[in-house]
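Every number for a ligand or one of its atoms is a count from 1 in the order of the listing. Keep in mind that what you see is a predicted model, and the values were worked out from it rather than measured.
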Amino acid sequence: MGRKRVAVLISGRGSNMAALIEAAKDTRYPAAIALVVSNKADAAGLAVARAAGIRTEVIDPAVFGKDRAAFDAALQGVLVEHRIEIVCLAGFMRLLTPGFVDQWRNRMLNIHPALLPAFKGLDTHKRALAAGAKIHGATVHFVVAEMDAGPIVMQGAVAVQDDDTETTLSSRVLKVEHKIYPLALRLLSEGRIRVEHGRCLIDGVAVPDTAQLVPLV
Ligand code: GRF
């Protein structure tokens, strides 16, 4: 079986995209990043992708006005043209139509900078700090029509420090994102994830039974 052909969808800096590209440089990695798509022509990540020799496409939403289905149809066209098998959303700041999402059910991942189902939506680090959360983190999940919902594949946690700011906390969480996204894509590409009743069951992984306590007393 060949490597899975993956498209990464971005709108901005693309550091998670870069982490996936880096992981996929290893020919033993079960996925190849075949395409990067952006809805923004000036997304910084596009230059990073091109420098890595990866094909890029920009789909400008302005062309489609308010017609979300038309944008998504154009996106689907590009994915089919490149024979894409798995889609990874990585800071892709656009809601996708239920029709499009259905076509990629259990084949489309997203990364969210919080421990879902806590802190869906934007400004997750600010909200985690305001809530006084002691443990925060990031989640890779399958995409469903509802935003930041969908079966959870993997999570990574960080302890929140008393003197954390949005900047310091987000940079520690981002490091976790860059670890878990390539690992989650590996699991999906190897066909090791089963979705049952909205939960992911994963073959051949260890789950630690140690608790993480914050603060340590
Ligand atoms: C990340 O924090 C990701 O979790 C969120 O958007 C941000 C994208 O950052 N969905 P980058 O473009 O991958 O650097």
Does a side chain donor of either Ser15 or His178 reach within less than 3.5 Å of an acceptor in the other side chain? yes

Scan residues 40-87 for pairs that pass ring pair (Phe, Tyr, Trp, His ring centres under 6.0 Å), counting only residues two or more places apart or in two chains. Phe64-Phe71

Would a distance-only check, ignoring hydrogens and angles, find a side-chain to backbone donor-acceptor pair under 3.5 Å from Tyr29 to Pro182? yes

Shortest non-hydrogen contact from Asn106 to Phe142? O-CE2, 3.2 Å

Sorted by chain and residue number, the residues with a non-hydrogen atom under 4.0 Å of ligand 1 are Arg13, Gly14, Ser15, Asn16, Gly91, Ile111, His112, Pro113, Glu177

Does the Arg127 side chain pair with the main chain of Ala118, one donor and one acceptor, at a distance under 3.5 Å? no

Side chains of His136 and His125: is there a donor and an acceptor less than 3.5 Å apart? yes

